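Computed from a predicted structure; not experimentally measured.
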Amino acid sequence: MKTVFLVDDSATILLSISNILAKAGYATEKAANAEDALKKFAAGVKVDLLITDLNMPGKNGIELIREVRKLPAYKFLPILFLTTESQQAKKLEAKAAGASGWIVKPATADELLNTIKLVIR
Amino acid sequence: MDELTSVFIQESREQLAEMEAGLLVLEQAPDDPGNAELINGIFRAAHTVKGASGVIECHFIESFMHKVENVLDRLRNAEIGVSGELASLLLKCGDHLNTLIGVLEAGFDSPGEADRAIGDALLAELSARYIAPDTNGSKVPVAQQEEVLASGGGIVVTDSWHISVRFGRDVLRGGMDPLSFLRYLASLGEILAIETISDAMPSADTMDPESCYLGFEIRLQTRSSKADIERVFDFVREDCELRILPPNSKLADYLKLIEELPEDDMRLGEILVRCGALTQAELDAGLCEQKGFVPAAPAEHGEIAQSAQQIGEILVDNKVVHREVVDAAVGKQTRVSEKKAVEARLIRVQADKLDQLIDLVGEMVIAGASANLLARRSGRSELVESTSVLSRLVESIRDAALQLRMVQIGETFSRFNRVVRDVSKEIGKEIDLVIEGAETELDKSVVEKIGDPLMHLVRNAIDHGIEPTATRLQNGKDCRGRIGLNAYHDSGSVVIEVSDDGGGLPKEKIRRKALERGLIQPEQVLGDQDIINLIFEPGFSTAEQVTNISGRGVGMDVVRRNIQSLRGSIDVKSEEGSGTSFIIRLPLTLAIIDGFLVGIGHAAYVIPLDMVVECIELDRRGIDRNFLNLRGEVLPFIRLRELFALADAAPPRENVVVVQYAGQKAGIVVDQLMGEFQTVIKPLSSIFSRLHGIGGSTILGTGEVALILDVQALVQRAIRIEEKALASPPASSN
């Protein structure tokens, strides 16, 4: 079973995405902020995909992506970030930081799952 | 039902209404040369329903609409001619679609045996008469396909998509696996061939194992659009080279699509993007090239054709689009029409959410009144001032919120076009429906509930109102009957008139019938209007022969009851020989009103402000009966103290609030006048339903409950009591 790591400060989003993923047969790891996520990465959490929000209190999503990419074990980890249509500049910045792709909010279950299928087997 | 299905049902009903409206016009004037746009509109509506039904996987609607769409397509391409019969047949198909939507709404997987038979019969008739046997429509005809191949210009020889991709060096470092794209592409269709291009691969000693040096040439067979295919590569778009060439058979589709695009002032690139021949990214790249790598600025209006040609050349040179497609688009562009579709910009909102908002605004009105009251009591002028600003804003918000619920009555009215056409055809009368005031707005909940009573009145007018053609000619009238639907605003209420130019209500017949039914006594003397009003009595029907048009077991009394339940009233005016009109009066809104607060004893009551004419002091001298002389006019009045049987004695000074309803005035005697205020109507529970004179309740700023007076009932009561007191001869007040 593939495991998706969700990082978002909104409990609602964490829940709704993990519900969709659970139904589609994915396991999930969750963290409410970048700091907690990095702790889990430091502990060597086994995940196949990271989905992170960009706007979070503390370290933001872009900083998280940059730091995860620095960890040798996660050098090729697919990373998607959640964004809104209008944040074109943010998209480029996050791509430059090492993200694989993005999910435009609000996404339907199908859009979400299709995007995930695009980056992991 | 899931949300998607309910959205589909709503959407397809709207499209169906559009189809019907178009078909009705078409039926009336099949030879009008200006019909092309109309036919296009009908086609688009059918096409939308078909497409959407496919999305929600409702196959019984999809397959039915597929055939209908085929016929409309042929009609649009002038392969078949317009005729009244075809329009009638298509109208029947519309009816069947409505049935099918009903089936879906009821939650069934497929229509019943009988409905399926109707659908099959309609399709058989359509096929037999309007679909040529050799075009099946679902596949590109062979002849056409060959022609397309010939016109393909030899760029691509196979009939599949060709995708050429060179990945950027950093793809792997971005966490992307090129293989995942290929796998995803396979999910869009079938990959016929794949060629790995490894020319960029350096020798092993200089190769960086973390970089990607690969490219692919892919042949893909799919039904997806170019944009869909491009979307697969979205994440690597910026750092990879991507070219997507359509299969040759697609060319014809693009050429057709370019023709079909709604007439709009568009630039070439936009036309190509819209029809799917080009993706936005390819266009942007082409534009950058055109401007010498300066990001594209919108072209000036005047230089369209010139710059279009250039961008077209660039796009062809870039091999992102075929020349034929560009030429077609340029052709289209030069024929750009002045006409622009005026499409109403709408947002769909769930009605519940609006109701919730109105409820909240109602609460806010009450809370605002309370704050106002406290401010006034405190005597602090700054506070009074700021609360009064606040309450003015609350008032605006209230009006704006109520406005949200207002819908035009036109849509309800235009349903009757069909009814009048069908019913009059059925009974062999020629009748025109004239609609006026379609833009008049009223509360959505009222609009929803007014449909049935209106239907009854219109059917009555067709069946009983309009005389048979022979009789009309005999009486020197136009052989075509006329039924009018009219709506307008009148002093705080909405008036809807249903009128006909028929024979009028036969008074003698009504009187006879009423006698038979024991509704009146033989010796009773009745004015003309009184006789006419007998039709509203329960159990009254004059139709000697009950037809299936109006004989539905529902009398005019039910119509009146329905309208009264909306706090409205219905009147009838009729002149024998020249016609009848029913006048329905409805309140503008059901939720919030401006009220006038009055006091009797310790209790407060609210009178709807738009019915208040004036207030005067009650001069008790010379009054022995319940009417007074208002500047020479007789004004019957009613004492609320007596009506509500309050025990305490009247204060030395009493006031009369003069109210008016539907042209009749009456006075309401109260102790105190307490001024205007906004009030939210809270419905009374059913145990109060038998109480006359009370219409609802509200909560005052102080938290006390005040009853809202039902002015209509009170006015009628005042007049009735006064007439009864005069006994005989019966007074006719107007």
For this session: Please list, in residue-number order, every residue in residues 205-216 of chain B that has a heavy atom less than 4.5 Å from any heavy atom of chain A; write 'none' if there are none.
Result: B:Glu210

For this session: Applying side-chain contact (heavy atoms from CB on, under 4.5 Å) between A:Leu118 and each of B:Asp177, B:Val232, B:Asp234, report the one that passes.
Result: B:Val232

For this session: Measure A:Leu49 against the heavy atoms of chain B and call it side chain, backbone, both or neither at under 4.5 Å.
Result: neither

Exercise. Rounded to the nearest 0.5 Å, what separation is found between the CE atom of B:Met176 and the CD1 atom of A:Ile79?
Worked result: 12.0 Å

For this session: Output yes when a side-chain donor or acceptor of A:Arg69 lies under 3.5 Å from a complementary backbone atom of B:Gly174, and no otherwise.
Result: yes

Exercise. With side chains defined as the heavy atoms from C-beta onward, is the minimum distance between A:Asn114 and B:Tyr184 less than 4.5 Å?
Worked result: yes

